[in-house]
Amino acid sequence: MKFVYLDHAATTRPADEVVEAMRPYLSERFGNPSALYSLGRRSRSAIEEARSEVASLIGADPDEVYFTSGGSESDNMALWGTLIANDGEGGHLVTTNIEHHAVLETAEFLADHGYEATIVGVDGAARVDPADMEEAIRPDTVVVSLMHANNEVGTIEPVADVSRACRRAGVYLHTDAVQTVGNIPVDVDELGVDLLSISGHKLYGPKGVGAIYVRNGVRISRFIQGGEQERGMRAGTENIAGIVGLGAAARLASSEMSAKVERIARLRDRLVERLTGSIDEILLNGHPTERLPNNAHFRIRRIEGEAICLHLDTVGICASTGSACSSEALEPSHVLMAMGVPTIEAHGSLRFSLGRDTTEEDIEYVAENLPPIVERLRAMSPL
Ligand SMILES: *Cc1c(COP(=O)(O)O)cnc(C)c1O
């Protein structure tokens with residue numbers, strides 16, 4: 001049976017180059033980077049090389065990049081670190097209601113523990129109005145967090161516009177760029193951000209490794225105590241193989257970016273065209289133009305997203321639904337709720353996210369297999 005993986009927003013397959021680069025560091029090059037002998041120094045230089053690759057992908061200086069355990073840790077660190085470093089001089093943050101849970105739940109946690117958070121809403125396309133963000137900034141605001149692109153519906157947020165408001169107010173801007181770094185060009189100066197989160201496994205690197213960009217001069221406390229690794233910013237013996245893998249993924253992303261974006265967007269457009277042309281009552285969610293090139297997020301009326309996913313799996317297609325496929329709670333997605341999608345329609349959501357290996361044949365295969373599945377499920381549906 002054909003296997004078509006269209007869930008790249010959930011995770012990506014590590015590229016062959018990435019696995020090759022990592023291999024020695026899982027085996028003979030195992031030295032502790034803090035050691036003084038050459039085996040250790042070799043690990044140290046591999047880490048610094050990876051740091052340069054990641055910095056170069058986002059237009060940063062290498063000394064502004066710190067390795068973490070992934071996107072979630074980077075998001076946590078950005079909010080905690082800036083608030084704690086500012087202790088005594090205000091503890092308010094601003095974010096939106098479509099952020100990844102790593103930001104949203106951190107904001108809620110901090111608000112339960114002596115800090116304050118303002119959560120700004122979005123429009124029907126999941127886009128925030130920069131004026132609403134600016135209005136939420138107070139004299140005691142320390143940091144504003146706005147994701148670069150939403151992981152569910154793919155909408156790209158007006159980060160550079162919000163940056164201007166943050167600069168005027170003298171507050172830090174953090175962006176969760178986990179869905180954009182490697183997928184579209186990202187430059188920390190063009191975006192005007194002070195902090196930025198990256199995850200290895202969303203850009204053809206390994207899981208369990210990520211990075212945070214911290215602009216020089218930003219006051220931030222360390223998040224993990226207990227050692228002087230990462231120039232005192234994050235304790236713990238480095239995940240060398242993971243870091244080397246992230247570096248290799250960043251190098252690969254830089255080299256194939258221009259050709260990749262256009263090709264993937266063309267395939268995505270074709271998928272949208274084919275499915276909206278052959279299925280009744282199907283709508284594209286998110287912004288029509290300001291969206292990730294690899295994201296196609298639909299809602300299909302009178303049908304359950306989980307049921308579609310399971311049926312797609314039987315023909316070898318991996319897709320995801322925004323309505324908590326794996327959860328028993330069947331809570332509709334907070335992003336669709338924030339967009340004002342009716343609950344019953346939110347349950348019929350289906351996300352395809354394309355990747356560097358996606359082919360024209362893959363798109364054809366989905367376009368042939370999805371319509372009959374929808375038809376069959378609707379015939380059985382009580383909705
Ligand atoms: C996947 C993802 C994360 C979490 O990254 P991990 O490396 O899995 O912790 C954070 N934010 C966004 C937008 C994501 O898509």
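Whatever order the structure lists ligands and atoms in, that order sets their numbers, starting from 1. Hydrogens, waters and symmetry mates are skipped; everything else that's a heavy atom, side chains included, is used.
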| message | If the test is side-chain contact (heavy atoms from CB on, under 4.5 Å), which one of Val188, Leu146, Val162 qualifies with Val193? | response |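 Of all the options given, the one that passes is Val188.
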Closest non-hydrogen protein atom to [atom], residue and atom name please, with distance?
| atom | answer |
| --- | --- |
| atom 14 (C) of ligand 1 | Lys202 NZ, 3.1 Å |
| atom 3 (C) of ligand 1 | His100 NE2, 3.4 Å |
| atom 11 (N) of ligand 1 | Asp176 OD2, 2.6 Å |
| atom 6 (P) of ligand 1 | Gly71 N, 3.5 Å |

What are the atoms of ligand 1, with element, lying closer than 4.0 Å to any heavy atom of [X]?
| X | result |
| --- | --- |
| Met147 | 13 (C) |
| His201 | 6 (P), 7 (O), 8 (O) |
| Gly70 | 7 (O) |
| Ser199 | 5 (O), 6 (P), 7 (O) |
| Ser72 | 4 (C), 5 (O), 6 (P), 9 (O) |

hydrophobic_cluster_shared for Leu196 and Phe67, side chain cutoff 4.5 Å
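Hydrophobic grouping puts Phe67 with Leu196.
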- Query: When clusters are formed by joining ILVMFWY residues with side-chain heavy atoms under 4.5 Å apart, either directly or through shared neighbours, do Val4 and Ile279 land in the same one?
  - Reply: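 Cluster IDs for Val4 and Ile279 match.
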For Ala102, which part has a heavy atom under 4.0 Å from ligand 1: side chain, backbone, both, or neither?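 The answer is neither; Ala102 stays 4.0 Å or more away.
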(request) Search all heavy atoms of Ser221 against all heavy atoms of Ile84 and return the closest pair with its distance. (result)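 Closest approach of Ser221 to Ile84, heavy atoms only: OG-CG2, 3.5 Å.
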_I want to confirm something. Looking only at heavy atoms, which of Gln179, Lys207, Glu73 is nearest to atom 15 (O) of ligand 1?_
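Residue with the shortest heavy-atom distance to the ligand atom: Gln179.
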Cation over ring face, Arg351 and Phe298, 6.0 Å, 45°
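No; the conditions do not both hold, so Arg351 does not lie above the ring face of Phe298.
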| request: Mind telling me whether His101 and His334 have parallel, tilted or perpendicular rings, with 30° and 60° as the class edges? | output: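 His334 and His101: tilted rings.
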Is the ring pair His8/Tyr5 parallel, tilted or perpendicular, if the boundaries are 30 and 60 degrees?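 If you compare the ring of His8 with that of Tyr5, the planes turn out perpendicular.
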Is a side-chain donor or acceptor of Ser69 paired with a backbone partner of Gly208 at a separation under 3.5 angstrom?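 Not a single qualifying donor-acceptor pair exists.
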Is Ser69 close to ligand 1, meaning an N/O of one under 3.5 Å from an N/O of the other?
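Checking ligand 1 against Ser69, no N or O pair falls under 3.5 Å apart.
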